[in-house]
Every structure is written in C-alpha cells, then in structure tokens.
4 protein chains.
Amino acid sequence: MKKNKPKYMQIIEAAVEVIAENGYHASQVSKIAKKAGVADGTIYLYFKNKEDILVSVFNEKMGQFIDQIVYSTSDRQDANEKLLTLITMHFRQLASDHHLAVVTQLELRQSNKQLRMKINEVLKPYLVVIDNIIREGIKEGIFRDDLNIPLVRQMIFGTLDETVTNWVMKDQKYDLVGQSPDVHALITNGLSVKKR
Amino acid sequence: MKKNKPKYMQIIEAAVEVIAENGYHASQVSKIAKKAGVADGTIYLYFKNKEDILVSVFNEKMGQFIDQIVYSTSDRQDANEKLLTLITMHFRQLASDHHLAVVTQLELRQSNKQLRMKINEVLKPYLVVIDNIIREGIKEGIFRDDLNIPLVRQMIFGTLDETVTNWVMKDQKYDLVGQSPDVHALITNGLSVKKR
Amino acid sequence: MKKNKPKYMQIIEAAVEVIAENGYHASQVSKIAKKAGVADGTIYLYFKNKEDILVSVFNEKMGQFIDQIVYSTSDRQDANEKLLTLITMHFRQLASDHHLAVVTQLELRQSNKQLRMKINEVLKPYLVVIDNIIREGIKEGIFRDDLNIPLVRQMIFGTLDETVTNWVMKDQKYDLVGQSPDVHALITNGLSVKKR
Amino acid sequence: MKKNKPKYMQIIEAAVEVIAENGYHASQVSKIAKKAGVADGTIYLYFKNKEDILVSVFNEKMGQFIDQIVYSTSDRQDANEKLLTLITMHFRQLASDHHLAVVTQLELRQSNKQLRMKINEVLKPYLVVIDNIIREGIKEGIFRDDLNIPLVRQMIFGTLDETVTNWVMKDQKYDLVGQSPDVHALITNGLSVKKR
DNA sequence: TATGAATGAGGGTTCATTCAT
DNA sequence: TATGAATGAACCCTCATTCAT
C-alpha cells in the first residue's frame, strides 16, 4: 500500500500547502515536488497524474475530517445534540487548519466537473451521517416527521458550506466556531416566531 | 454603449453555450468566436480579454436573474410570501435555462479567486434583497427578532445554492421548482416539531 | 501626384511623431492614422502598406536633408570648406529636429533588410555628394591623390553617423554642432602628429 | 554554470544561423529549437525568454570577438601597430564568419532600444580598448595631444562599422581584410596632403 | 526507487489590411 | 474619397509527463 510509505503523505501535505499559498492554478507539480523535497518524477511513482494528487488530498484530509465528526457524534444522546456537535466540529476543524479551509472552500472548487464528481464521492459518508441524524431526530419525535430528508441534508450542508466559505472569503477574520449555536438554532427552529 | 451592439450579446450567448458544453477550462476564445459567428479578433472589440467575457456573462445573466427576483418580490404582501417567491423564482429561472444553470453552478466556480471576487460583487444586490426580506419579516412580527441577519442570509443562499447544484449534478433529472414550498417550509420552520 | 494632396504630408508628419514617441515596433498604423486625424482605411489610399509609409517618411525627410546639404555645399570655394559645411549641416539638421534624429538614428534601423535597402537608395545622392567633394579635393591638390574613394566615403559617413547616434543615445544632452570643427579636423588630418 | 552545458552553445549557434538566414523578425523560437535539435521547451531551460537568447548570442560572440582583439593588441609595440592590428582583427573575424557578420551588422540592429542598450554594454570593453590605444599613442608622441578621445573613438568605431556594414550589404563580395592598411592610413593620416 | 533534463502540445492576443457603406 | 468595423494569421511560453540513468 503506497499510502503507508512516508513520501505519500509528504507529498499530500506539500500539495495542501502549495495550493493554499499559490492557489489551484498556480500549483504546478514541480512546486509540490520541491516543497515535498522529492524530484518531479518521484511524484509519479505515488500518483497517477496531477488530478490524482488533488483527489488524494481531498480523500486524506476529508477522510480525517469526516472520521472526527462520525466519532464525535456517535456517543451523543439525542439528534439535537448530535446536530450541534456536527456543526461545531465542522467549523472547528476548518477553523483550526486555515490551509485546509482555503483549499477545500476555494481552491479545489476550481477543478473541473470530473474531479468534482470524485470529490463528491469522498463527501458521501458525511452526507450519510447527516441523513442518519435527521432520521434519528424524527424517530425520537424531536424533528417533524414530514421532512424531505435529501432536502434537509442539502439545507444543512449548504448552510454550513456557505457559512465557512463566507468566513474564508472574509479572510477568516471573525470567530467561526462561535456561530455554531446560532446556526444550530436556525436549522432547528427556522425563522418564524414560535407558535404557542 | 457596446451592450446595444448586437455582436455583444451574440458573443455573450455563445460564451454561455460554449462554457456549458465544454466546461470552463476548455472554453477557448476561438471556440466562442466560432459559435458566435465572428472572427477571433472581433471578440476583442467588445471585451478587454477572456476574463472580461466571463465576468460579462455573469453580469448580464445574473443581472437579469436578480432583476426578475427584485421585481417579483416587490409587490408581495408579507415577508413570508416574498421569501417563497424568491425561492420559486430562483429555482424557476435556473430550471428554465439549463445552460445557464450549468455555467453558474459548476463552471464559473472554477475561476480563480480574483474573478470570483468580481462575481461576488454582482451577487451583492441579491444578498441585499434577502437581507431586506428578513428585516421586513422581523418588523412584521413574522420572524424572530433575535436573528443574526448575515447568518440567516448565508443559510438561505447556501440552501438554495446547494439545492440547485445538487439538481445540476444529478443532470437536472427531477423537478426543481416543485421543491420550493418544502424549502420554504424548512427555512421558516426549521426541523423541530412545533411547540404548542 | 498623391504627394501634393494635403493628407499625404499629414500622414508622413504623424508617422514621424508616432515613431519618435513610441518607437518603431509600437507604431501601429492605427496610431499614425489617429495622430494624422484620418481613418485607418484612409492611410491605404495614400500608401501601399505600412512599409511604404516608412520608406516615404525617409524619402521625404532625408530628401529635404540632402537637398539642404547639396545646396549649402554648392557655392563653397574649396573641398575643405565644403567638407566642413557638410559636417556642420549634417549635425545641425538632426540637432534641430529631435524627432527626426531619433527616427533616423534609432527607430528606422529596426526595419528589416529589405526596407533598409530601400532606405539606402534614398541615401545614395548624399554619398555621391561626399564622393564629389573628395574628388574635388584631390583635383585641387588639397587631398592625397592615392585615396580609395569608397573607403573614404565610408569613413566620413560612418564617423558622422556614429557621432550622431552616440549623441542621440546619450539623450542629446550635449552640443552636437559644436563638434563639427573637431570632426572635420580628425577627418582631414587624422590622428598623427604632423610631419614637418 | 549553464554555459558549460553543451545545449547552451548548441542553441546559441543555432540562433546565429537562424537569424542570419531568416532575419531578426522571422526568427521564431521554434525555428531556433529545430535547428538546434532540441524541443521548444528546452530553450527555456537555458534562456529566460527570446530576448535573452539574442542578448546571449551577442554576449558570447562579441565576447570572443573582443577577447581576440584585446589579446592580439596586448603585445604590440606602439599604438600605431596596435591600431592596425585592431582594424585587421576586427575585419578578419567578421570576414571569417559570414553568419556572424550578418547578425551583428544587420539583424541585431533591428532590436528595440532596450535590447540595444544591453548590446552596447557588451561593446563597452571594446571601446575601452580603443580609448587606451589612443591614449598610448598620445603618450608615445605618435598621436596629436589635442585629440578629443570620445570623438576619435567614435570616428574609429564608426569607420570600421560602416565599412563592415557596406561589405555585408554588398553580399561580402570583396576582400574586407585587404582594406585594413588603407583604413589604418586614413585614420592616422586623414585626407590631407602631408605638409612637409 | 529516485532523479531531473527533456519534451511538445496548446491558446490568448495583436494588428496590418480589407471592404461594405 | 473617406470611413472604421471586421478579419484571421501568427507566435511566445508554460508545465504535466516521460524516460534514460
């Protein structure tokens, strides 16, 4: 397994840094090789081509990201708590790694459709986690039972994603994690004044 | 005003088609010229450079898009109705122009940071419309008065954007406009069971 | 004859200015047309192509230049006086028209071999004037009778040309005409200490 | 040092040939690469850009040219002998390399002002050699002591340059080196009949 | 495994010239 | 004569990928 060789992760880490610093389009393979401390040709012993590096970056980094969220939400008691944890973890992980935030929110989106399809594959387990929380909430009688689950999932993911992207575009100048409760409240309660 | 010359819009329309068909990065100026039925050099009588074509595509197309929404929401009675109209119009307009949907949701996002900043400028009036609806709703006593408006705007825009993107990525196979009421309900009521 | 029409000289003058200000390679036909106050297409009613403009610039301007020298040297008494006059006139005319100096010494030399052949044709009458002065000097017993006339002509023209070019390259900061006597002395007496 | 790599000189030599054969403006990088037997991209491993190729051509070729002259004039006894040697070497070197003669006398002059400034830098050591010979001649009592040295240098260089250019323009049909003594005599004695 | 020199395809842009009015 | 919008050929340079060592 190539992933166990030290140079594999070395190149992945270099790629994240290079992309974060230079932007997607100015991230030449030779720059990544230099930052990783290997020869250009060595890259191709570990990755099929440039796109493969980028997909792998997303695989590795989002894999950890999702694992963290899955782990953190597994022992919470109800769906509401789990949802808040998911939001908080989503924000916290990206807030704690600025390079990764820039790369996932801005740079990797500049890839072509084909690459984004592969990236979406990586995201699927995350979306499943969201779906499960919704289902649990319905079962627990906390969430309405007429929810269109894919739609809810899109709302949740879209909201989180847009919030992080705005924060990155504003140069990460404010506290992202601090917004978790508000975002959670919005998602669970909506805009409307509560009916008594 | 160049915009009144027929070739200007001819090139814009050709650009939308070429980008939708070939993807952002495979959209050579020469392809756009050919599709528009003009010589390569003619492009540069109407646009400063390639980026200018792309920004102009967005300007023109999103300009109309936003104008439609502003117009449609201007005579509604309350914020709730306006919000539903906004959602419906957002979906309807993109659903009725598949090329435009592909270009705005997938292709133009592949541009670099600088170009995306310009694109965001164009979007600002739309975000203002959303903000105003929220404020009206609060004033009317329909929406909660403790709402963090930028956050709410991000939720609304993020939800709509993610929903459209998913629909485009799924090859636009289902009815997008039909989801408007559900999306509206989600945004106004949230996930939770109503307290009595 | 096109040369008698006012626009012909208008374009020539515009060309000199544009070339002097922008340099040979940045002198587009459209710039010359604009400066001359005519449409691009009008240029082609008076000149066959761009090269024809440039050759004509040289024709007209050097024609006057040479006429002046021919006229000024025609009534001098001996070859020595004529040579001094030629040198002085050569320097004076270029010193009094900075645009022309830049154009003849720097910019027009950037043209290709073919154009430079045509330019050399224009220069021929000037070289004949030099030859004649040398022959007169020999006949008058002022100049040595073993002179290789083409070589002497090259020395004279080369010296004048190099002197003017240096002056132009040094941004015309010193007095060129004041060097005439020294240059004349050098050409007639050479470097050596006079034998008694 | 790139200059030690064989491809560097290979490309320089190819550039001289291509420029001599096609002229400055028709010398595409791809033509030079083809003649040098390398890929287009390889050029850019050794040169920053096209202009850098041209400056380097001049550097290398004129560098050798000047070195030869410096070396040959270093062991002569008096300034007169040195001057004759300089003239002879100047002519001999260009006469023995027709391509180089065309490139230096005709083609490289078609470059823009900026490039010509760089070329002039390369020539400076040659002009210093001329200056030194003049000064020596004055010190030795062979040359007049009232000489304006920059002017003399311009005369000498202008004469040699014009002579070579004429020879190149006449398709190098006559013996250039054979003219050295005559040119030397002209420069040292001038046109005038010697006063006894 | 590792290297890094070499490859060569690909595209945005300029500008001299034309021609319908 | 005069216009100026339209044309389209031409070229430098980058960079992902290969392969001899």
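Per chain, numbering begins at 1; letters A, B, ... match sequence-line order. If you're wondering where the values come from, they're calculated on a predicted model, not measured in any experiment.
A/His25 and B/His25 have perpendicular rings, their planes meeting at more than 60° on a 0 to 90° scale where under 30° would count as parallel.
Rounded to an integer number of Å, the gap from B/Gln10 CD to F/dA6 C1' is 12 Å. Nucleotide E/dG4 holds its C1' atom 10 Å from the CG atom of D/Leu45, rounded to whole Å. For the pair D/Lys34 NZ and F/dC11 C1', the computed distance is 15 Å after rounding to whole Å. A straight line from CD1 of B/Ile32 to P of E/dG11 spans 12 Å, rounded to a whole angstrom. In this structure, D/Asn22 places its CG atom 15 Å from P of F/dA10, rounding to the nearest Å. Atom OH of D/Tyr8 and atom C1' of E/dA5 are 18 Å apart (whole Å).
Here D/Tyr46 does not reach the OP1 or OP2 of E/dA5: none of its side-chain N or O atoms lies under 4.0 Å away.
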Reading DNA chain E 5' to 3', what string of ( ), [ ], | and . shows its pairs, if Watson-Crick and G-U wobble pairs count only when both distances fall under 3.5 Å?
-> .||||||||||||||||||||
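Side chains of A/Asp161 and A/Gln105: a donor-acceptor N/O pair is present below 3.5 angstrom, by distance only.
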Could you list the donor-acceptor pairs under 3.5 angstrom formed between side-chain atoms of residues 30-39 of chain A and any protein atom two or more places apart in sequence or on another chain?
{"unit_1": "A/Lys31", "atom_1": "NZ", "unit_2": "A/Ala26", "atom_2": "O", "d": "3.0"}
{"unit_1": "A/Lys31", "atom_1": "NZ", "unit_2": "A/Gln28", "atom_2": "OE1", "d": "3.4"}
{"unit_1": "A/Lys35", "atom_1": "NZ", "unit_2": "A/Glu21", "atom_2": "OE1", "d": "3.1"}

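Of the two residues contacting DNA chain E, namely A/Val38 and D/Ala39, the nearest-nucleotide position lying further toward the 5' end is that of A/Val38. Between D/Thr42 and C/Gly37, it is C/Gly37 whose nearest contact on DNA chain F lies nearer the 5' terminus.
Under the side chain to side chain donor-acceptor pair (under 3.5 Å) criterion, B/Gln64 pairs with no residue at all, not counting sequence neighbours. Taking C/Lys124 as the reference, C/Glu121 meet the salt bridge (charged side-chain N to carboxylate O under 4.0 Å, His left out) condition, with sequence neighbours excluded.
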Which parts of nucleotides 16-21 of chain E does protein reach within less than 4.0 Å, heavy atoms only, written one letter per nucleotide 5' to 3' as B for base, S for sugar-phosphate only and - for none?
-> SBB---
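Taking every heavy atom of residues 11-19 of chain A and every atom of DNA chain E, no pair lies under 4.0 Å.
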